[in-house]
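So you know, we letter chains A, B, ... as the sequences are listed, proteins then strands, and number each from 1.
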Amino acid sequence: DIYSRYKRLKGFNVLHPMGYDSFGLPAEQYALETGQHPSVTTEKNIATFRSQLDKIGFSYDWEREVRTSESGYYRWTQWIFLQIFDSWFNRISNKAERITVLVKIFEAEGNSNHFCPGEKGQQFSAAQWHSLDEKGKQEILMDYRLTFSAYGEVNWCEALGTVLANDEVINGVSERGGHLVEKKKMRQWYLRITEYADRLLEGLERIEFSDAMKEMQKNWIGKSQGAEMDFAIKNHPTPLRVYTTRPDTIFGVDFMVVAPEHELVSKITSADQKEEIEKYLTYVKSRSERERLAEVKQITGCFTGAYAINPFDGREIPIWIAEYVLAGYGTGAIMGVPCGDQRDFGFAQHFNIPITNIIGDHFTGAEANATKEAILQHAGFLNGLLMKDAIHVAINKIESLGIGKRKVNFRMRDAGFSRQRYWGEPFPIIWSDGIALPLDAKELPLELPHVDTYGPGPDGEGPLANITDWVNLPNKAKRETSTMPGYAGSSWYFLRYMDPTNEQVFCDRKASDYWGQVDIYIGGTEHAVGHLLYSRMWTKILFDLGYIGHDEPFKKLLNQGMIQGSSRFVYRVRNTHIFLSSNRMGGTISEDEKLITGLASLSNEVDRIHVDVNMVDGVELNIAEFRKWKNGEYASAQFILEDGKYICGVETEKMSKSKYNTVNPDVLVDKFGADTFRMYEMFLGPVEQSKPWDSKGIEGVHRFLRKLWRLFYDDLKGKVWIEDKPTDAEMKVLHRTIKKIEEDTERFSFNTAVSTFMICVNELAELKCHKKEVLEPLLLLLSPYAPHISEELCSLLGSTVSPSLGSMDGAIYPVFNPALLVESSKEYPVSINGKVRTNIVIALDATQAIVEEIILQNEVIQKWLEGKAPKKIIYVKNKMVNVVM
RNA sequence: ACUCGGGUGGUGGAAUUGGUAGACACGCAGGACUUAAAAUCCUGUUCGCUGUAAGGCGAGUGACGGUUCAAUUCCGUUCCCGAGUACCA
């Protein structure tokens, strides 16, 4: 708001909108907790939010407000979904094209020039295409569509009969109720974002995101060059396909690791390993992906009893399964090279697998060495080659033998696009005989039907599945019952702001061409690998299809830090309703407590659960309120206390509804006013930096604003401002401030800008300057930061300009005059090799050459130098001179 | 665990390009005004040693090491905190 007010004062036409991304899990959860329909609570919360925003004095253009959960908006989210559904990615032209174009290609030449990106990767000729029935054709087209339906894993909670978000799962059990959660395959919708991986990488070079943000996106996309190759399996017909970026280490392979979910596991497991493998699979099933990757210190795995054959030296290589290998990445199988990879090394050591060394002295036996600079030894046809050269030699050999090929791999996976939830956009899709049929654009919006209960549907389907007369259509056709994820509506909202009420198109091309990219987008790094990738992808698709004229949505991104909250936790003993006070964990249990709770000891595993900070006084939990919380979900809770109190755990983290650690600005705004609140929030620290919310310094900013007021009005004397001509000293204060505030605001350094205002007002107070000619420009400078007081004082001064209205016709921002700052000369400290020796007078506009001459002619300095010629003379403008001997 | 940030007085932070570390503010201490309070104003406030005083000496930007005449800033190692890790968005 400060920046847009500033730009308006500078004469720009600023689009500064606000809206509500009101679909999604938090709104649905809140509805479940309070027993109200999400549309009601959303409406209420938006009203609260709006009144809070108004209180803080935001200058949003409310004519352009959007709400993603309103049919007038989500109609176009559905429409864009249909456009994406009707598109495929042509890898030759490197852009999205219509499905009709693809069908024409298939009819003419099959898919020989357009490799199938779908899982099956099938190949067919034109004749084969023609021979397929409609269902067969649609199945193939589904493998090309940029939104597609396929089977994927979800967090399934049998006890709740529902799919859970990762956020709702803690340590493998549901947060609600503490029930077991497992992986389950279900039909899902996906966004084929992998097809855009290269474009998303390339586009980063044309936009102003921070290097950190670009790096996060690059790493997430994770492009790697390597090879895919097949290893024959002893006594088994199907080969094992692995992906590796280091084919040069092929002679150092000592074991294979396959993802536990890999389809070969059940087929190759030997009879005597069967029992152990099954035990391990049950263990893995209960673990989240993050846990599987995270706990590397604790190495787990299980031998399948099968062996792969190294095609180059015929060695038999044991095949293991282990949780650190994920089915979704690469081929779901890796080759273990313990001498070159630390994780493989740890695995080999842990399971006593003998290690082959192919890099000589580079491998010490104590840890792996991932170098590419070693000369290969004991490595067959690669012997004597430098590893980085051997990579290509190895791939060529693999390709010539027909057992594998060069392959570019991406870490990024296609994005899951459906949720088994109620509060989201319904898919404009009808299933008929296994074929997904899109609705016609004229039938949009497909309104989200009203329901009275939003519990899960049968077989883990979303709540919409319960509305049979909505789901079931003539001829056994059924509507899609899942809804779109929260990020659907947020992937294109910036376009809707440009043309918010248009009922003919999502955004008129004239509007999007006029406004173009978002010039400055302010958002947190938490969006790095979600929203900021999805919206970039959607923009690229809409560009490819010709609906907009730019293919990157945001020209410049500013990462504002998060205002953090102080969270409170309770600790629930796993699979119980017993809660341990934080200092009792792992301690001893009393006989009374044993009797009441039935627990034998306190060394049980606990699940950490967020509680609402408003139920906690400092760190002490209000037990009565906790029992009433979430519709009485914890009514039957039992507590193990300390000194009769329940003490909560504390942590500073992102302020978020789901963490129940939010605080409300209203109290402060009521007490100090919006201007103080705005300036204090800026004064807290740099915008890019996260900081815990703390209001204890707000008095200082409030004092500053009162001091400013007293330059105009005195409590006793009333009006004190005058129309006299300012002195040079007063004009100097003003123009130094204009310069600094302008620089600070342009570089988003709002905290130092606030300090500059404070210094300026202190100096004017000291000079007893009450002159209109100085004060009026100061109010204009201040108006983006403190609009209310600026506006009021300007009108009391009888100003001809109104800072809060800004100006579309021309700038009213004060113009900096450098002539008013000029000083003739100044005394500088001169240091020799860093030690300050003397002072010297130098003109402010002196150049480096003049400074050097002065130094060389100065007798005192020459004495210090003892006639020796200095190596270098450094003149640090406005600060000091350093002579290097 | 991995990816990306961050760590400076009692506290929030400043130092924009490697150049006098601690601007500005909070807090604290002392003082002025006041019957008193609020409000306002003034002085001091990195730490240690030293001096009657003006001052002087030394250390100091999470820790250890390196580059440099000069490092909060660059490099290496390490510790701690935060964000993200694919169904929060």
J.: With a 3.5 Å cut-off and just heavy-atom distances, do the side chain of A:E651 and the base of B:C81 make a donor-acceptor pair?
T.: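 Counting by modelled atom types and ignoring angles, no donor-acceptor contact under 3.5 Å is found here.
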
J.: Grab the CD1-C1' distance between A:I221 and B:C2 for me, whole Å please.
T.: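 Taking CD1 of A:I221 and C1' of B:C2, I get 17 Å after rounding.
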
J.: Using distance alone, with no hydrogens and no angle criterion, decide if A:S69 and A:W423 have a side-chain donor and acceptor under 3.5 Å apart.
T.: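 A:W423 and A:S69 do not have a side-chain donor-acceptor pair below 3.5 Å.
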
J.: Classify the nucleic acid contact of A:G24 as base, sugar-phosphate or nothing, counting any heavy atom under 4.0 Å across all strands shown.
T.: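 Sugar-phosphate, no base atom in range.
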
J.: Once you apply the 3.5 Å cut-off to both distances, tell me the Watson-Crick or G-U wobble partner of B:G60, or none.
T.: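 Pairing partner, where one exists within any strand: none, as none qualifies.
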
J.: If the C1' atom of B:C69 is compared with that of B:U77, how far apart are they to the nearest Å?
T.: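 About 26 Å, rounded to a whole number of Å.
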
J.: Taking only Lys NZ, Arg NE, NH1 and NH2, and the carboxylate oxygens of Asp or Glu, determine whether A:R421 and A:E168 approach each other closer than 4.0 Å.
T.: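 A:E168 and A:R421: salt-bridged.
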
J.: Could you tell me how far apart A:Y493 (OH) and B:A89 (C1') are, to the nearest whole angstrom?
T.: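 It works out to 11 Å between those atoms.
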
J.: Does A:R568 make a cation-pi contact with A:Y660, if we ask for NZ or CZ under 6.0 Å from the ring centre and within 45° of the axis?
T.: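 Here A:R568 fails the 6.0 Å and 45° test against A:Y660.
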
J.: Thinking salt bridges, do A:E763 and A:R736 make one under a 4.0 Å N-O criterion?
T.: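 Salt bridge between A:E763 and A:R736, a charged N being under 4.0 Å from a carboxylate O: yes.
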
J.: What's the gap between B:U8 and B:C4 when it is taken at their C1' atoms, as a whole Å value?
T.: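 One C1' to the other, the span is 22 Å.
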
J.: Do A:R413 and A:T194 get their side chains close enough for a donor-acceptor pair, meaning under 3.5 Å?
T.: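 Per modelled atom types, A:R413 and A:T194 side chains form no pair under 3.5 Å.
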
J.: Between B:C4, B:C41, B:G84, which nucleotide has the shortest distance from any of its atoms to the side chain of A:A212?
T.: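 Of all the options, the side chain of A:A212 is nearest to B:C4.
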
J.: From the list B:A25, B:A83, B:C88, which nucleotide is the closest neighbour of the side chain of A:M758?
T.: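 The answer is B:A25.
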
J.: Using heavy atoms to find the nearest nucleotide of RNA chain B for A:D694 and A:N751 separately, return the residue whose nucleotide is more 5′.
T.: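 Nearest-nucleotide comparison on RNA chain B picks A:D694.
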
J.: Given atom NZ of A:K691 and atom P of B:G12, what is their separation to the nearest angstrom?
T.: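 Checked: the NZ to P distance equals 13 Å.
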
J.: Rounded to whole angstrom, note down the C1' distance from B:G18 over to B:A70.
T.: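 That atom pair is separated by 8 Å.
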
J.: Measuring from the side chain of A:Y487 (C-beta onward, heavy atoms only), which nucleotide among B:G13, B:U3, B:A89 has the closest atom?
T.: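 Looking only at heavy atoms from C-beta outward on A:Y487, the closest nucleotide is B:A89.
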
J.: Taking A:E651 first and then A:R608, would you say they form a salt bridge - that is, a charged N and a carboxylate O separated by under 4.0 Å?
T.: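 Here A:E651 pairs with A:R608 in a salt bridge, since their nearest N and O are under 4.0 Å apart.
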
J.: Could you please name the option among B:A86, B:A14, B:G82 that lies closest to any side-chain atom of A:T752?
T.: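 Looking only at heavy atoms from C-beta outward on A:T752, the closest nucleotide is B:A14.
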
J.: Could you check which nucleotide pairs with B:A71 in any of the strands shown, counting Watson-Crick or G-U wobble with both distances under 3.5 Å?
T.: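 Checking every strand shown, B:A71 finds no partner, since no pair has both distances under 3.5 Å.
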
J.: Quick one: on RNA chain B, does A:E766 or A:R413 contact a more 5' nucleotide (nearest heavy atom)?
T.: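 This one resolves to A:E766.
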
J.: Considering just the side-chain nitrogens and oxygens of A:R419, establish if one lies under 4.0 Å of OP1 or OP2 belonging to B:A86.
T.: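 The answer is no; no side-chain N or O of A:R419 sits under 4.0 Å from OP1 or OP2.
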
J.: Let's see if you can work this out: which of B:A14, B:C87, B:U16 has an atom nearest to the side-chain heavy atoms of A:P686?
T.: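 From the listed options, B:A14 comes nearest.
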
J.: Return the nucleotide paired to B:C28: Watson-Crick means purine N1 to pyrimidine N3 with N6-O4 or O6-N4, wobble means G-U with N1-O2 and O6-N3, both under 3.5 Å.
T.: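 The answer is B:G44, by the H-bond criterion.
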
J.: When you measure from the side chain of A:E215, which nucleotide among B:C4, B:U16, B:G84 comes out closest?
T.: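 From the listed options, B:C4 comes nearest.
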
J.: Could you state the atom-to-atom distance from CG of A:L160 to P of B:C87 in whole Å?
T.: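 My rounded result for the distance is 19 Å.
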
J.: Atom CD of A:E699 to atom P of B:C28: distance rounded to whole Å?
T.: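 Taking CD of A:E699 and P of B:C28, I get 11 Å after rounding.
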
J.: Whole angstroms only, please: what is the CZ-P distance between A:R710 and B:U40?
T.: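 Computing the A:R710:CZ to B:U40:P distance gives 6 Å.
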
J.: Classify the nucleic acid contact of A:E653 as base, sugar-phosphate or nothing, counting any heavy atom under 4.0 Å across all strands shown.
T.: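 Here A:E653 touches the backbone only, sparing every base.
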
J.: Taking a pair as Watson-Crick or G-U wobble with both distances under 3.5 Å, which nucleotide is matched to B:U3?
T.: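 Result: B:A83.
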
J.: Roughly how many Å apart are B:C24 and B:U45, using the P atom of each and rounding to a whole number?
T.: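 Result for the P pair: 12 Å, nearest Å.
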
J.: Please classify the nucleic acid contact of A:V154 as base, sugar-phosphate, or nothing, using heavy-atom distances under 4.0 Å.
T.: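 Base, at least one base heavy atom under 4.0 Å.
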
J.: A:T752 and A:D744: side-chain donor and acceptor closer than 3.5 Å?
T.: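 Distance-only check passes for A:T752 and A:D744.
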
J.: Output the rounded distance in Å from OH (A:Y680) to P (B:G27).
T.: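 So the two atoms are 10 Å apart, to the nearest Å.
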
J.: So which nucleotide does B:A38 pair with, by the Watson-Crick or G-U wobble rule with both distances under 3.5 Å?
T.: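 Check on B:A38: unpaired, no WC or wobble geometry under 3.5 Å.
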
J.: Identify whether any heavy atom of A:K218 sits under 4.0 Å from a base atom; if not, whether one sits that close to sugar-phosphate; answer base, sugar-phosphate or nothing.
T.: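 Contact class for A:K218: none.
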
J.: Is the shortest side-chain N/O distance from A:R703 to OP1 or OP2 of B:A25 below 4.0 Å?
T.: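 Checking A:R703 against B:A25: no side-chain N or O falls below 4.0 Å of OP1 or OP2.
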
J.: P atom, B:C47 versus B:G12: distance in rounded Å?
T.: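 Approximately 16 Å lies between the P atom of B:C47 and that of B:G12.
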
J.: Please determine if a side-chain N or O atom of A:N559 lies less than 4.0 Å away from the OP1 or OP2 oxygen of B:A83.
T.: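 Negative; the distance criterion is not met.
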
J.: Quick one: do A:R747 and A:E743 make a salt bridge, cutoff under 4.0 Å?
T.: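 Looking at A:R747 and A:E743, the cut-off is not met.
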
J.: Could you check which nucleotide pairs with B:A53 in any of the strands shown, counting Watson-Crick or G-U wobble with both distances under 3.5 Å?
T.: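 Its partner: none found.
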
J.: Select one nucleotide: of B:C88, B:G13, B:U85, the one nearest the side-chain heavy atoms of A:Q689.
T.: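 My answer, after comparing the listed nucleotides, is B:G13.
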
J.: Which nucleotide sits closest to the side chain of A:Q564: B:G82, B:U40, B:U16?
T.: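 Within the option list, the nearest is B:G82.
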
J.: Does A:K696 make a side-chain N or O approach to OP1 or OP2 of B:A25 shorter than 4.0 Å?
T.: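 Indeed not, no polar side-chain atom of A:K696 lies that close.
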
J.: Checking side-chain polar atoms at under 3.5 Å, does A:Y324 have a donor or acceptor matched by the opposite partner on A:T300?
T.: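 No, A:T300 and A:Y324 have no side-chain donor paired with an acceptor closer than 3.5 Å.
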
J.: For the P atoms, the ones on B:G7 and on B:U17, what distance do you get once it is rounded to whole angstrom?
T.: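 Approximately 15 Å lies between the P atom of B:G7 and that of B:U17.
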
J.: Classify A:T756 by what it touches in the nucleic acid, base, sugar-phosphate, or nothing, heavy-atom distance under 4.0 Å.
T.: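 Counting heavy atoms under 4.0 Å across all strands, no contact is made by A:T756.
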
J.: Expressed as a whole number of Å, how far does the P atom of B:G84 sit from that of B:U73?
T.: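 Per the computed distance, 29 Å lies between those P atoms.
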
J.: When the P atoms of B:A71 and B:C64 are compared, how many Å lie between them, rounded to an integer?
T.: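 Comparing P positions in B:C64 and B:A71 gives a spacing of 15 Å.
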
J.: Taking atom C1' of B:C88 as reference, at what distance in whole Å does atom CG of A:L32 sit?
T.: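 Distance check: A:L32 CG to B:C88 C1' gives 15 Å.
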
J.: If you go through the side-chain atoms of A:Q420, does one of them form a donor-acceptor pair with the base of B:C87 closer than 3.5 Å?
T.: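 By the distance-only test, yes, there is a pair.
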
J.: Determine the contact category for A:M213: base if any of its heavy atoms lies under 4.0 Å from a base atom, sugar-phosphate if only primed atoms, P, OP1 or OP2 are that close, otherwise nothing.
T.: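 Nothing: the residue A:M213, judged by heavy atoms under 4.0 Å, touches no strand.
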
J.: Which label fits B:G5, syn or anti, where anti is any glycosidic angle not within 90° of 0?
T.: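 Here B:G5 takes the anti form, which means its glycosidic angle is more than 90° from 0.
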
J.: Check this one for me: any side-chain N or O of A:K654 less than 4.0 Å away from OP1 or OP2 of B:A89?
T.: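 False: A:K654 side-chain N/O out of range (4.0 Å or more) of B:A89 OP1/OP2.
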
J.: Would you mind classifying the nucleic acid contact of A:R706 as base, sugar-phosphate or nothing, using non-hydrogen atoms under 4.0 angstrom?
T.: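 Sugar-phosphate only.
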
J.: Side chain of A:M216, heavy atoms from C-beta onward: which of B:C26, B:C4, B:G84 has the nearest atom to it?
T.: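 Minimum distance to the A:M216 side chain belongs to B:C4.
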
J.: Check every strand shown and say whether A:V754 touches a base, only sugar-phosphate, or nothing at a heavy-atom separation below 4.0 Å.
T.: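 Here A:V754 touches no strand at all.
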
J.: State which of B:C87, B:U16, B:C4 makes the closest approach to the side chain of A:N219.
T.: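 When the side chain of A:N219 is considered, B:C4 is the closest of B:C87, B:U16, B:C4.
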
J.: Go through the side-chain N and O atoms of A:N762 and A:K707 and say whether any donor and acceptor fall under 3.5 Å apart.
T.: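 A:K707 and A:N762 do have a side-chain donor-acceptor pair below 3.5 Å.
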
